[in-house]
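All of these numbers come straight from a predicted model, not from anything done at the bench.
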Amino acid sequence: MVTPSKIDLKLEPIDEWHSTEEITDICADGKKILLLSSSGTRILALDWQNRRVDTIPLNTRVIPPRGIASDRYYIYVYNDKTLYRLAKDNWTMVAWLNNIRVTGLANYAPGEMLVSDKEREVIWRKTLFRESRTFLDRGDNITRPGAMALFPDGVFGVLVAPDFLVKVNRAGIVFNRCKVPQGIEMLVTDKNGQAFLMQRGKSVIWILRDNTINGYELPRTLNPIGIAIIEDQIAVLDSGTKIIFYSIPGR
């Protein structure tokens, strides 16, 4: 059990990038940030250091767009009912999983994803050949699963109700439950195994490392709705119109 600390720390922004259109969600893709347009018609690939933006058109409009994730070969986007997969080699998008309420994604293997399904209270493993298998369910004390993330050494984290971060291995065995602040909806990790947690609309980020969790205020961030980790920096999507960058503490 980890007891959250008080929010008595602050991170100062180091950079800022403004979008010319409204963005729904972001994710890291190597050294780039992928931005899902709220129009549901395209993805923007931002190389923020060079201020270069490439456009990836979607051959199927995603209405309403809800989230985005990526792995080595594919980009994944979803709305309220369907998870789509977009191949990076030809930019062809297909419906990959239907009739599902996606609340979290984590890369299990190249082309394979773990998918949180909040309505069915199950986490699916979607294989490379489109087979769906149950990875975790209520029998594993997975209640209303939400955001997911991949930790080092093949460990996965998933937010479950009411306020826990559950860690599970590749065999689907839960081995750790950590209490986190209430209302947490966003979860990402870095290569060192630190977890970064946020609540939509709250300008605070919680960083979990070595069973210690600290809260940091985020000046200039008014309404965070997305988060990504790019090398040693935190990228926060604010109000759908800009990305504010912060250094990871201790780096």
Practice task
Any pair with a residue in residues 138-158 that passes side-chain hydrogen bond (donor to acceptor under 3.5 Å, both in side chains), sequence neighbours left out, goes on the list, sorted by first then second residue, please.
Solution key: Glu121-Arg138
Practice task
Give a yes or no on whether Lys242 atom NZ has more than 12 heavy-atom contacts from other residues, nucleotides or ligands under 6.0 Å away.
Solution key: yes
Handout entry: Cluster link Ile184 to Ile225, ILVMFWY, side chain under 4.5 Å
Key = no
Handout entry: Co-membership, hydrophobic cluster, residues Leu97 and Val62, 4.5 Å side-chain
Key = no
Exercise for the section: Classify the ring geometry between Tyr108 and Phe156 as parallel (under 30°), tilted (30 to 60°) or perpendicular (over 60°). Expected result: parallel
Exercise for the section: State whether a side-chain donor-acceptor pair under 3.5 Å links Trp124 with Asp117. Expected result: yes
Problem - Hydrophobic cluster identity match, Val155 and Leu197, side-chain contacts under 4.5 Å - result: yes
Practice task
Give a yes or no on whether the backbone of Ser39 and the side-chain of Ser37 come within a donor-acceptor separation of less than 3.5 Å.
Solution key: yes
Exercise for the section: Quick one: list whatever passes salt bridge (charged side-chain N to carboxylate O under 4.0 Å, His left out) with Glu131, sequence neighbours left out. Expected result: Arg133
Handout entry: ring pair (Phe, Tyr, Trp, His ring centres under 6.0 Å) against Tyr73, all qualifying residues, sequence neighbours excluded
Key = none
Exercise for the section: Please tell me if the side chains of Leu237 and Ile227 come closer than 4.5 Å, counting only heavy atoms from C-beta onward. Expected result: no
Problem - Trp96 and Tyr76 aromatic centres sub-6.0 Å - result: yes
Completion exercise
Applying side chain to side chain contact (heavy atoms under 4.5 Å, CB included) to Thr82 and not counting sequence neighbours gives Asn79, Tyr84, Ala95, Asn98
Exercise for the section: Ignoring hydrogens and angles, tell me if any N or O in the side chain of Asp137 forms a donor-acceptor pair with the backbone of Gly139 under 3.5 Å. Expected result: yes
Exercise for the section: Using the salt bridge (charged side-chain N to carboxylate O under 4.0 Å, His left out) rule, collect all pairs that involve residues 204-227, keeping only residues at least two apart or in two chains. Expected result: Glu16-Arg220
Handout entry: salt bridge (charged side-chain N to carboxylate O under 4.0 Å, His left out) contacts touching residues 38-51 (sequence neighbours left out)
Key = Asp15-Arg51, Glu21-Arg42
Practice task
Keeping the roles fixed (side chain from Ser203, backbone from Thr221), state whether a donor-acceptor pair exists under 3.5 Å.
Solution key: yes
Exercise for the section: State which residues pass ring pair (Phe, Tyr, Trp, His ring centres under 6.0 Å) with Tyr78; sequence neighbours excluded, sorted by chain then number. Expected result: none
Practice task
Just jot down the salt bridge (charged side-chain N to carboxylate O under 4.0 Å, His left out) partners of Arg170, sequence neighbours excluded, or say none.
Solution key: none
Problem - Distance-only donor-acceptor check, side chains Thr241 and Ser19, under 3.5 Å - result: no
Handout entry: Gln182 atom CD, over 12 foreign heavy atoms within 6.0 Å
Key = no
Handout entry: Donor-acceptor contact present, side-chain Asp190 to main-chain Gly193, <3.5 Å
Key = yes
Cut-off 3.5 Å, no hydrogens considered: what does the side-chain donor-acceptor table look like for residues 27-35, sequence neighbours left out?
unit_1: Asp29; atom_1: OD1; unit_2: Ser70; atom_2: OG; d: 3.0
unit_1: Asp29; atom_1: OD1; unit_2: Lys88; atom_2: NZ; d: 2.7
unit_1: Asp29; atom_1: OD2; unit_2: Lys88; atom_2: NZ; d: 3.4

Fill in the blank from the handout: Rounding to 0.5 Å, atoms CG (Leu86) and OG1 (Thr60) come to a distance of 9.5 Å
Practice task
Report the residues that fulfil salt bridge (charged side-chain N to carboxylate O under 4.0 Å, His left out) with Glu112, sequence neighbours left out, ordered by chain and then residue number.
Solution key: Arg125
Exercise for the section: First locate atom CG of Asn90, then atom CG of Asn59, and finally report the distance between them rounded to the nearest 0.5 Å. Expected result: 9.0 Å
Exercise for the section: Enumerate the residue pairs fulfilling ring pair (Phe, Tyr, Trp, His ring centres under 6.0 Å) with a member in residues 17-60, sequence neighbours excluded, ordered by first and then second residue. Expected result: Trp48-Phe245
Exercise for the section: Examine distances only and state if a side-chain atom of Asp25 and a backbone atom of Ile68 form a donor-acceptor pair shorter than 3.5 Å. Expected result: yes
Practice task
If a pair satisfies salt bridge (charged side-chain N to carboxylate O under 4.0 Å, His left out) and one of its residues is in residues 60-78, list it, with sequence neighbours excluded.
Solution key: Arg66-Asp80
